[in-house]
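I have placed the structure first, in the form of structure tokens, so that the comments after it can refer back to it.
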Protein chains: 2
Amino acid sequence: MSASVRTSHDVDACVQVDEALTRAFGILGKRWNALVLGSLRFGPAGFRELSRAIDGLSDSVLADRLAELTRHQLVHRRVDEGPPVAVTYELTERGRALLPALDQISAWAVEHLPPEPSAQ
Amino acid sequence: MSASVRTSHDVDACVQVDEALTRAFGILGKRWNALVLGSLRFGPAGFRELSRAIDGLSDSVLADRLAELTRHQLVHRRVDEGPPVAVTYELTERGRALLPALDQISAWAVEHLPPEPSAQ
DNA sequence: GATGTTGCTTCGAATTTCGAAGCTGCTACG
DNA sequence: CGTAGCAGCTTCGAAATTCGAAGCAACATC
């Protein structure tokens with residue numbers, strides 16, 4: 001192994017551990033994905049509903065994010081052929097499994113992250 | 001108020017709940033932040049060390065991310081005036097408080113997120 | 001049939017992210 | 001001394017992403 005000087009600990013070892021984290025934040029690390037999942041936390045919702053619920057998110061990006069989350073099978077796109085065709089997005093089991101983690105992050109923000117941009 | 005048709009539940013109510021999540025993912029939702037925090041999980045590390053540990057992250061972005069995380073007081077920048085000046089980054093208490101959540105996300109990825117980009 | 005709502009898509013512009021290179025300060029080698 | 005190397009960044013355009021506004025088809029409401 002290319003063992004060079006280690007100042008404190010072997011950082012290279014983290015790379016393995018972080019592989020799962022890298023995969024997770026390949027999805028969650030995009031600007032609105034976690035918020036979309038968070039908005040679906042309490043039940044299914046339609047496109048326009050989500051668009052209004054998440055402030056600052058444009059339609060084009062929302063469509064992109066929903067497609068991505070659907071592709072990763074975190075949300076499911078259900079089409080109800082009415083006549084008034086209605087599209088509903090809801091979390092899959094995979095998506096629901098992520099909710100406890102999101103709750104924990106939310107709790108962390110409440111406890112440790114001040115509302116101001118850290119200006120205090 | 002503009003109360004329109006609700007298909008399933010009142011999504012507007014989520015906005016309040018998601019405020020903490022929004023704040024959290026204002027930081028974690030940027031492309032490398034969570035990985036940087038994850039790399040500091042096991043102890044302090046230097047700039048170059050982090051640069052090599054996180055594959056694909058360029059120096060310019062790393063500097064940006066470290067500055068941001070430092071501004072939010074998630075990491076602490078310690079300067080050891082040698083003569084060989086050494087800079088060390090380490091998690092603050094606020095940053096350490098986030099680790100359990102990151103571990104949970106990592107565990108979720110191991111259980112629910114296949115290594116392939118959802119192609120299975 | 002005029003207006004409004006839903007579920008998107010397309011467009012060009014603004015913002016962000018990127019990699020490569022460069023710079024200072026120090027050590028090590030010869 | 002001279003060259004080489006490493007640490008810790010900063011600067012620079014180029015590429016990728018994100019943005020808001022507008023448009024469109026299908027339907028409901030007035």
Side-chain angles (χ1 to χ4, degrees), chain A residues 2-9 11-12 22 25-36 39-40 44-71 75-90, chain B residues 1-12 22 25-36 39-40 44-71 75-90:
Chain A
S2 60
S4 54
V5 178
R6 297 294 170 212
T7 60
S8 47
H9 68 283
V11 175
D12 291 348
T22 301
F25 276 94
I27 300 174
L28 296 178
K30 299 193 85 171
R31 193 160 183 202
W32 298 102
N33 275 341
L35 277 306
V36 172
S39 291
L40 290 172
F47 185 94
R48 194 57 48 182
E49 219 169 348
L50 289 169
S51 174
R52 261 175 287 123
I54 305 174
D55 200 48
L57 175 58
S58 68
D59 285 3
S60 51
V61 177
L62 176 57
D64 210 54
R65 290 308 121 99
L66 284 173
E68 187 177 1
L69 291 174
T70 301
R71 193 158 21 88
V75 309
H76 175 67
R77 185 179 185 269
R78 164 174 305 164
V79 181
D80 178 20
E81 305 282 358
V85 58
V87 180
T88 308
Y89 293 95
E90 61 188 329
Chain B
M1 52 194 81
S2 60
S4 54
V5 179
R6 297 292 171 211
T7 59
S8 49
H9 68 284
D10 201 336
V11 175
D12 291 348
T22 301
F25 276 94
I27 300 175
L28 296 178
K30 299 194 83 170
R31 191 157 183 203
W32 298 101
N33 274 342
L35 277 305
V36 172
S39 291
L40 290 172
F47 185 94
R48 194 56 49 184
E49 218 168 348
L50 289 170
S51 175
R52 261 174 288 124
I54 305 175
D55 200 46
L57 174 58
S58 67
D59 283 4
S60 52
V61 177
L62 176 57
D64 210 54
R65 292 304 123 100
L66 284 173
E68 187 177 1
L69 292 174
T70 301
R71 192 159 22 86
V75 309
H76 175 67
R77 184 179 185 271
R78 164 174 304 164
V79 181
D80 178 22
E81 305 282 357
V85 58
V87 179
T88 309
Y89 293 94
E90 62 188 328

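Just so it is clear, the structure is predicted and the values come from calculations on it, not from any experiment. Here is the naming used below: chain letters follow the sequence lines, and residue numbers restart at 1 for every chain.
- Taking OH of A:Tyr89 as the start and CG of A:Leu66 as the end, the distance is 5.0 Å to the nearest 0.5 Å.
- Here B:Arg31 reaches the OP1 or OP2 of C:dC18: one of its side-chain N or O atoms lies under 4.0 Å away.
- As rounded to whole Å, 18 Å separates atom P of D:dA26 from atom CZ of A:Phe47.
- Taken to the nearest 0.5 Å, the CG atom of A:Leu57 stands 5.0 Å off from the CG atom of A:Leu62.
- Across every non-hydrogen atom of A:Arg65 and A:Arg31, the tightest pair is NH1-N, 3.7 Å.
- If you measure from atom CG of B:Leu35 to atom C1' of C:dT17, you get 15 Å, rounded to the nearest angstrom.
- Looking at every heavy atom in both residues, A:Gly56 comes nearest to A:Trp32 through O-CZ2, 3.7 Å.
- Mapping A:Arg48 and A:Trp32 onto DNA chain D via the closest heavy atom, the residue that lands nearer the 5' end is A:Trp32.
- A:Ile54 has its CD1 atom 15 Å from the C1' atom of D:dT18, to the nearest Å.
- Distance B:Lys30 NZ to C:dT15 P: 14 Å, rounded to the nearest Å.
- In this structure, B:Leu57 atom CG and C:dG19 atom C1' are separated by 11 Å, rounded to whole Å.
- Proximity of A:Tyr89 to the phosphate of C:dT6: no side-chain N or O atom is located under 4.0 Å from OP1 or OP2.
- For the segment residues 58-66 of chain B, residues with any heavy atom less than 4.0 angstrom from an atom of DNA chain D are, sorted by number, B:Asp59, B:Ser60, B:Ala63.
- Residue B:Glu49 contributes atom CD, which lies 11 Å from atom C1' of D:dA7 at whole-angstrom precision.
- Distance CD1 (B:Ile27) to P (C:dT16): 16 Å, rounded to an integer number of Å.
- Spacing between atom CG of A:Asp55 and atom C1' of D:dC19 amounts to 14 Å, rounded to whole angstrom units.
- The main-chain N or O of B:Phe47 is never found under 3.5 Å from a side-chain atom of B:Ser51 such that the two would form a donor-acceptor pair.
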